[in-house]
K.L.:
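Structure in structure tokens, see below.
Note: hydrogens, waters and symmetry copies are ignored here, and every other heavy atom, side chains too, is used. A, B, ... follow the sequence lines: proteins, then strands. Residue 1 opens every chain.
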Amino acid sequence: MAKVYIPALLRELTGGVEVVDVDGGSVRAVIGSLEQAFPGIGERLMDGDRLRPNISVAVDGEISPLGLLEPVGPGSEVHFITAIKGG
Amino acid sequence: LKNAAKEGTRRADGPKFRKIGCVEVLEAMKNHPHYQTPLMGPNRGRGVAIGFWFNVGLQSSCSIAVNADGTVNLIEGSTDIGGTRTSIAMQAAEVLGLPVSDVHPSVEDTDTVGYTAVTGGSRTTFATGMAAHDAAQGVVAKMKERAAKLWEVDAAAVTAAGGVYSSNGHSISFRELAGKLGETGGPVVASATVNARGAGGSFAGVIVDVEVDPETGKTTILRFTSVQDAGRAIHPAYVEGQMQGGSVQGIGWALNEEYWMSPDGVMKNSSLLDYRMPTALDLPMIDTVIVEVPNPAHPFGVRGVGEANIVPPTPAIANAIYRAVGVRLRRLPMNPPAVMRAIWDKKS
């Protein structure tokens, strides 16, 4: 199971739960699992078939350039964090 | 040092740090003559601070063509604003085993080379350097094939080291081999693209001495030392230039730079004549110390060096002002009116 850290602004949808264990595979699959457990969270993370532009996803410590397509391993840590533009 | 972040420490935004040089930067600061030398005189104070920036990778492209005289043309898409034309050529030269003077870099647009994201922040030597490394490896692989053709051996049996290709008693330099491309199959060109991963993140520290005029509130920087983990400094003088430039930007934010907005939201100091940036006349020589904790995700260990050094000047200067005149400023800029107000508030 991957460990997903729920950002503070979305914890209203998880009843305050900060860390959730879900099936991995990819970021897209992780969001699918989250949506099943916490309806409405998918819409807050995705805009159509992409991550919302104000959200970045970090898998195992690295902010991913692949977004939804980023692989997520069984022991991975996933963080949805505020996107910061920079170089 | 007791609380310094290390590999595995959780960052403020959630993910854990990978290999970082926070401890090494702090050690370098602690051991620096600036930190060890007592600061004398009234209204003077010393401040220290460290800061972090995570850096990014983004997309970069690079193409390398071999010339018949043994030089190569390197085409990249990163506009050079801080010496990256050289630092990227150096990475290709290292892989090819050539002197950097034999690598002729040029910066082109997408008519000529693949898409390359903005030159900005701290990504270019890291990410475009990675593309240059990969393209150079492509050239080496093709040159091995050409040497193998000459000697009628399998390409896998050819080795390359220091610009010399060898196999089973045969040996030929890159330059000689470049002169035989026509007879071994034609021109050699290799390209590479990356969506670079593994940005290392960089820690930077500052030691600063200031003198505050208690009659005017003006803060003068007496001595300034910038310390940064560059991963591996490809071109140390250019790394120092980045550190000094970032330091000046941080000093400007700390002491002078300020937006003046009208009640309806229009910026009133909308030109650089009215937006006070520090110049060489305002500052002492900025000393630099490059710390090298290689980034394991980059072939040469590069970290970005353009941004982390902007972070610590502000808290370091605030600490120094506190030590100088005993007032703790928590808003920017810490310009003469702000410092005087704080001194008067303290007296009253």
Side-chain angles (χ1 to χ4, degrees), chain A residues 1-14 16-22 24 26-28 30-31 34 38 41 44-45 50-87, chain B residues 5-20 52-60 78-79 81-82 84 115-128 130 193-202 242 246 295-298 302-308 310-311:
Chain A
M1 301 284 270
K3 208 172 270 303
V4 182
Y5 290 74
I6 307 296
L9 288 173
L10 298 184
R11 284 181 209 148
E12 62 187 21
L13 296 168
T14 65
V17 174
E18 295 181 23
V19 184
V20 182
D21 290 322
V22 300
S26 67
V27 170
R28 189 199 303 274
V30 163
I31 294 177
L34 287 175
F38 309 109
I41 200 168
R44 298 280 292 275
L45 293 169
R50 310 183 81 167
L51 275 179
R52 286 194 173 276
N54 60 325
I55 291 184
S56 289
V57 62
V59 177
D60 295 328
E62 176 162 14
I63 294 173
S64 166
L66 304 181
L68 298 179
L69 302 180
E70 181 70 31
V72 176
S76 289
E77 269 194 9
V78 180
H79 291 261
F80 293 101
I81 55 183
T82 303
I84 302 173
K85 189 65 180 174
Chain B
K6 304 173 185 68
E7 185 173 4
T9 301
R10 200 167 285 288
R11 287 171 16 191
D13 59 345
K16 290 177 180 171
F17 283 113
R18 294 181 170 184
K19 189 164 181 59
I20 49 169
F52 169 77
W53 183 249
F54 53 77
N55 307 129
V56 297
L58 305 179
Q59 300 168 73
S60 282
S78 291
T79 307
I81 58 173
T84 52
Y115 174 75
T116 298
V118 61
T119 296
S122 53
R123 64 169 294 274
T124 305
T125 297
F126 169 75
T128 307
M130 201 182 272
T193 63
V194 297
N195 196 357
R197 308 183 70 116
S202 180
Q242 291 288 315
N295 172 10
H298 187 278
V302 172
R303 298 179 193 271
V305 290
E307 296 175 282
I310 303 171
V311 181

K.L.:
Highest number of heavy-atom pairs under 4.5 Å with chain B: which of Pro7(A), Pro65(A), Ala58(A)?
P.N.:
Pro65(A)
K.L.:
Do you know the tightest heavy-atom contact between Asp60(A) and Arg18(B)?
P.N.:
O-NH2, 2.9 Å
K.L.:
Rounded to the nearest 0.5 Å, what separates atom CG in Asn195(B) from atom CG in Leu66(A)?
P.N.:
6.5 Å
K.L.:
Considering non-hydrogen atoms only, spot the tightest contact between Asp13(B) and Ile81(A) and give its length.
P.N.:
O-CG2, 3.3 Å
K.L.:
Given heavy-atom pairs under 4.5 angstrom as the criterion, report whether the side chain, backbone, both or neither of Val78(A) touches chain B.
P.N.:
neither
K.L.:
With only heavy atoms counted, which part of Ala199(B) is less than 4.5 Å from chain A, the side chain, the backbone, both or neither?
P.N.:
backbone
K.L.:
Side chain, backbone, both or neither: which part of Glu77(A) has a non-hydrogen atom closer than 4.5 Å to chain B?
P.N.:
side chain
K.L.:
Of the listed residues (Gly306(B), Gly198(B), Gly304(B)), which shares the most heavy-atom pairs with chain A below a 4.5 Å separation?
P.N.:
Gly198(B)
K.L.:
Less than 4.5 Å to any heavy atom of chain A: does that hold for the side chain of Arg197(B), its backbone, both, or neither?
P.N.:
both
K.L.:
Side-chain contact, heavy-atom cut-off 4.5 Å: His79(A) with Arg10(B)?
P.N.:
yes
